[in-house]
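Below: the structure, in C-alpha coordinates.
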Amino acid sequence: MKGILFGLDGTLIDSMEVWTGLDIKFIESKGVEYIPESLDEQKSFSSKDIPEFFEKTYGIITDTEEIEDFMSGVMIEHYKDKFEFKDGVPQVLDELKHRGFKMCITTATLFDYCKHIVERLGLDKYMEFVQTPDKVNLSKSDPEYFKLAMERLGTYQENTYVFDDAL
(Lines give C-alpha, C1' and ligand atoms only; values in the text may rest on other atoms or scores of the structure.)
Protein backbone atom coordinates (compact mmCIF):
# COMPACT_ATOMS: atom_id res chain seq x y z
CA MET A 1 0.00 0.00 0.00
CA LYS A 2 1.20 3.50 -0.75
CA GLY A 3 0.98 6.59 1.44
CA ILE A 4 0.38 10.24 0.78
CA LEU A 5 1.40 13.14 2.99
CA PHE A 6 -0.62 16.27 2.28
CA GLY A 7 0.13 19.82 3.28
CA LEU A 8 -3.01 21.61 4.42
CA ASP A 9 -2.75 25.34 3.75
CA GLY A 10 -2.31 26.11 0.09
CA THR A 11 -2.57 22.42 -0.85
CA LEU A 12 -5.93 21.08 0.34
CA ILE A 13 -7.53 24.34 1.43
CA ASP A 14 -7.48 27.85 0.05
CA SER A 15 -6.00 29.78 2.99
CA MET A 16 -2.72 31.35 1.95
CA GLU A 17 -4.13 34.78 1.15
CA VAL A 18 -5.37 35.14 4.73
CA TRP A 19 -2.10 33.86 6.21
CA THR A 20 -0.04 36.30 4.15
CA GLY A 21 -2.33 39.21 4.99
CA LEU A 22 -2.36 38.80 8.78
CA ASP A 23 0.15 41.55 9.49
CA ILE A 24 -1.80 43.94 7.29
CA LYS A 25 -5.04 43.11 9.12
CA PHE A 26 -3.34 43.74 12.47
CA ILE A 27 -1.92 47.09 11.36
CA GLU A 28 -5.27 48.18 9.93
CA SER A 29 -7.07 47.04 13.11
CA LYS A 30 -5.04 49.73 14.88
CA GLY A 31 -6.42 52.41 12.53
CA VAL A 32 -3.12 52.76 10.70
CA GLU A 33 -2.63 52.55 6.95
CA TYR A 34 -0.37 49.73 5.79
CA ILE A 35 2.79 50.71 3.88
CA PRO A 36 3.32 48.14 1.09
CA GLU A 37 7.03 48.97 0.83
CA SER A 38 7.55 47.71 4.39
CA LEU A 39 6.65 44.12 3.44
CA ASP A 40 10.12 43.16 2.19
CA GLU A 41 11.80 44.47 5.35
CA GLN A 42 9.25 42.77 7.59
CA LYS A 43 9.68 39.33 6.01
CA SER A 44 13.16 38.98 7.51
CA PHE A 45 12.03 39.51 11.12
CA SER A 46 11.35 36.87 13.71
CA SER A 47 8.14 37.13 15.74
CA LYS A 48 10.02 38.72 18.64
CA ASP A 49 11.25 41.54 16.35
CA ILE A 50 7.82 42.45 14.96
CA PRO A 51 6.61 44.64 17.89
CA GLU A 52 9.69 46.87 17.55
CA PHE A 53 9.18 47.01 13.78
CA PHE A 54 5.51 47.99 14.22
CA GLU A 55 6.49 50.76 16.64
CA LYS A 56 9.29 52.11 14.44
CA THR A 57 7.39 51.89 11.17
CA TYR A 58 3.78 52.49 12.21
CA GLY A 59 3.88 54.01 15.68
CA ILE A 60 1.97 51.01 17.04
CA ILE A 61 2.88 50.11 20.62
CA THR A 62 2.26 46.38 21.05
CA ASP A 63 3.85 43.15 22.18
CA THR A 64 4.23 39.65 20.79
CA GLU A 65 1.35 38.31 22.88
CA GLU A 66 -1.13 40.89 21.54
CA ILE A 67 -0.09 40.19 17.95
CA GLU A 68 -0.34 36.41 18.43
CA ASP A 69 -3.76 36.73 20.11
CA PHE A 70 -5.06 38.86 17.24
CA MET A 71 -3.71 36.51 14.60
CA SER A 72 -4.97 33.44 16.44
CA GLY A 73 -8.48 34.90 16.60
CA VAL A 74 -8.52 35.70 12.89
CA MET A 75 -7.17 32.31 11.85
CA ILE A 76 -9.40 30.22 14.12
CA GLU A 77 -12.44 32.11 12.80
CA HIS A 78 -11.40 31.28 9.24
CA TYR A 79 -10.68 27.60 9.98
CA LYS A 80 -14.02 27.27 11.79
CA ASP A 81 -16.23 29.03 9.25
CA LYS A 82 -14.58 30.35 6.11
CA PHE A 83 -11.80 28.34 4.52
CA GLU A 84 -12.89 25.85 1.89
CA PHE A 85 -11.33 23.11 -0.20
CA LYS A 86 -9.33 24.11 -3.22
CA ASP A 87 -11.11 23.20 -6.45
CA GLY A 88 -11.31 19.46 -7.08
CA VAL A 89 -9.83 18.36 -3.74
CA PRO A 90 -12.82 16.33 -2.46
CA GLN A 91 -13.02 14.40 -5.72
CA VAL A 92 -9.30 13.62 -5.69
CA LEU A 93 -9.41 12.52 -2.04
CA ASP A 94 -12.40 10.26 -2.78
CA GLU A 95 -10.52 8.64 -5.64
CA LEU A 96 -7.30 8.16 -3.66
CA LYS A 97 -9.20 6.66 -0.73
CA HIS A 98 -11.04 4.35 -3.15
CA ARG A 99 -7.68 3.22 -4.57
CA GLY A 100 -6.47 2.30 -1.09
CA PHE A 101 -3.93 5.03 -0.40
CA LYS A 102 -3.20 5.71 3.26
CA MET A 103 -3.21 9.48 3.73
CA CYS A 104 -2.39 12.00 6.40
CA ILE A 105 -2.01 15.75 6.76
CA THR A 106 1.45 17.11 7.52
CA THR A 107 1.01 20.78 8.24
CA ALA A 108 2.95 23.65 9.80
CA THR A 109 -0.32 24.94 11.26
CA LEU A 110 -1.00 24.51 14.96
CA PHE A 111 -3.45 21.76 15.86
CA ASP A 112 -5.81 24.18 17.66
CA TYR A 113 -6.29 25.98 14.33
CA CYS A 114 -6.58 23.13 11.85
CA LYS A 115 -8.71 20.78 13.97
CA HIS A 116 -11.72 22.95 13.14
CA ILE A 117 -11.45 22.61 9.38
CA VAL A 118 -10.57 18.91 9.53
CA GLU A 119 -13.85 18.28 11.29
CA ARG A 120 -15.96 20.82 9.35
CA LEU A 121 -14.87 19.65 5.90
CA GLY A 122 -14.78 15.97 6.85
CA LEU A 123 -11.08 15.55 6.17
CA ASP A 124 -10.91 13.02 8.99
CA LYS A 125 -12.78 10.47 6.85
CA TYR A 126 -9.83 10.47 4.43
CA MET A 127 -6.88 10.93 6.74
CA GLU A 128 -5.30 8.47 9.15
CA PHE A 129 -4.16 11.41 11.29
CA VAL A 130 -3.21 15.08 11.27
CA GLN A 131 0.39 15.80 12.20
CA THR A 132 1.19 19.29 13.49
CA PRO A 133 4.47 20.67 14.85
CA ASP A 134 3.00 21.32 18.29
CA LYS A 135 1.84 17.70 18.61
CA VAL A 136 5.15 16.08 17.63
CA ASN A 137 7.65 18.72 18.81
CA LEU A 138 9.23 18.95 15.37
CA SER A 139 9.24 21.73 12.80
CA LYS A 140 7.89 20.96 9.34
CA SER A 141 11.28 22.10 8.01
CA ASP A 142 12.93 19.18 9.84
CA PRO A 143 13.20 15.98 7.71
CA GLU A 144 12.36 14.00 10.86
CA TYR A 145 8.87 15.52 10.71
CA PHE A 146 8.17 13.63 7.49
CA LYS A 147 9.97 10.47 8.58
CA LEU A 148 7.72 10.36 11.64
CA ALA A 149 4.61 10.78 9.48
CA MET A 150 5.68 7.89 7.22
CA GLU A 151 6.41 5.74 10.27
CA ARG A 152 2.95 6.50 11.65
CA LEU A 153 1.36 5.69 8.26
CA GLY A 154 3.37 2.49 7.98
CA THR A 155 4.91 3.49 4.65
CA TYR A 156 8.42 4.08 3.37
CA GLN A 157 10.01 6.89 1.42
CA GLU A 158 10.01 4.86 -1.79
CA ASN A 159 6.23 4.31 -1.68
CA THR A 160 5.07 7.60 -0.14
CA TYR A 161 4.10 10.72 -2.07
CA VAL A 162 4.19 14.24 -0.67
CA PHE A 163 1.84 16.93 -1.96
CA ASP A 164 2.61 20.36 -0.57
CA ASP A 165 2.84 23.96 -1.71
CA ALA A 166 6.35 24.40 -0.21
CA LEU A 167 9.57 22.59 -1.04
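Quick note: numbers below take in every heavy atom, side chains included, and nothing from hydrogens, waters or symmetry partners. For clarity, every value in this text was computed on a predicted model and none was experimentally measured.
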Of all residues at least two apart in sequence or in a different chain, which pass the salt bridge (Lys or Arg N to Asp or Glu O under 4.0 Å) check with E128? none
Sequence neighbours excluded, which residues qualify as side-chain contact (heavy atoms from CB on, under 4.5 Å) partners of D94? Y126
Under 4.5 Å between any side-chain heavy atoms of E95 and R99, yes or no? yes
Would you say K86's side chain and G10's backbone share a donor-acceptor pair under 3.5 angstrom? yes
How far apart are the closest heavy atoms of D134 and T109, and which atoms are they? OD1-O, 4.3 Å
Do L123 and L93 have side chains that approach each other closer than 4.5 Å (heavy atoms only, starting at C-beta)? yes
Might you confirm whether atom CG of D81 has over 12 heavy atoms from other residues, nucleotides or ligands at distances under 6.0 Å? yes
Do F53 and Y34 share a hydrophobic cluster, counting only Ile, Leu, Val, Met, Phe, Trp and Tyr and linking them when any side-chain heavy atoms are less than 4.5 Å apart? yes
Got a second to check how far D69's CG is from T64's OG1, nearest 0.5 Å? 10.5 Å
Between K140 and A108, which heavy-atom pair has the shortest distance, and what is it? CD-N, 3.6 Å
Could you pull out all residues at least two apart from F70 that satisfy ring-ring contact (aromatic ring centres under 6.0 Å, His included)? F26
Please step through side-chain contact (heavy atoms from CB on, under 4.5 Å) for the pair F54 and I67, ending with a clear verdict. CA-CA 10 Å; F54 282 166; I67 295 167; 3.8 Å; yes
For T160, what residues pass the side-chain contact (heavy atoms from CB on, under 4.5 Å) criterion, not counting sequence neighbours? L5, M150, T155
side-chain contact (heavy atoms from CB on, under 4.5 Å) partners for H78, two or more places apart: V18, V74, K82, F83
Looking at K115 and E119, is there a salt bridge between them, counting it only when a charged N and a carboxylate O are closer than 4.0 Å? no
How would you list, by chain and number, every residue that makes a salt bridge (Lys or Arg N to Asp or Glu O under 4.0 Å) with K147, sequence neighbours excluded? E144
Considering residues at least two apart in sequence or located in another chain, which fulfil the side chain to side chain donor-acceptor pair (under 3.5 Å) criterion with K25? none
Are L96 and L8 connected into the same hydrophobic cluster when the rule is that any two of I, L, V, M, F, W, Y join if their side-chain heavy atoms are below 4.5 Å apart? yes
Go through the structure and list residues passing side chain to side chain donor-acceptor pair (under 3.5 Å) with T106, not counting sequence neighbours. none
In short, F129 meets A149 closest at the heavy-atom pair CZ-O, 3.5 Å
Looking at W19 and D9, what are the two nearest heavy atoms and their distance? NE1-OD1, 3.2 Å
In the single-linkage hydrophobic clustering (I, L, V, M, F, W, Y; side-chain heavy atoms under 4.5 Å), do F111 and I105 co-cluster? no
Not counting sequence neighbours, which residues clear side-chain contact (heavy atoms from CB on, under 4.5 Å) with D63? List them please. E65, E66
To the nearest 0.5 Å, how far apart are OG1 in T62 and CD1 in I27? 10.5 Å
Check whether the side chains of Y79 and D112 place a donor and an acceptor atom closer than 3.5 Å, and report yes or no. no
For E84, all residues meeting salt bridge (Lys or Arg N to Asp or Glu O under 4.0 Å), sequence neighbours excluded: R120
Intermediate values then yes/no, side-chain contact (heavy atoms from CB on, under 4.5 Å), D165 and M16: CA-CA 10 Å; D165 67 332; M16 293 314 296; 3.9 Å; yes
Using a 4.5 Å cut-off on heavy atoms from C-beta on, say whether the side chain of M75 contacts that of L22. yes
Tell me, do T132 and C114 make a side-chain contact under 4.5 Å, heavy atoms counted? yes
K56: which residues meet the salt bridge (Lys or Arg N to Asp or Glu O under 4.0 Å) condition with it, sequence neighbours left out? E41
Could you list all the ring pair (Phe, Tyr, Trp, His ring centres under 6.0 Å) pairs where at least one residue sits in residues 146-167, not counting sequence neighbours? F6-F163
Nearest 0.5 Å please: distance from the CG atom of L148 over to the NZ atom of K135. 14.0 Å
Are a donor atom and an acceptor atom from the side chains of T107 and Y113 found within less than 3.5 Å of each other? no
Any chance NZ of K80 has more than 12 other-residue heavy atoms, nucleotides or ligands included, within less than 6.0 Å? no
Would you confirm whether Y145, through its side chain, and V136, through its main-chain N or O, come within 3.5 Å as a donor-acceptor pair? no
More than 12 heavy atoms from other groups under 6.0 Å of CD on Q91: yes
Assess whether side-chain contact (heavy atoms from CB on, under 4.5 Å) is satisfied between V89 and L121, documenting all intermediate values. CA-CA 11 Å; V89 166; L121 296 182; over 6 Å; no
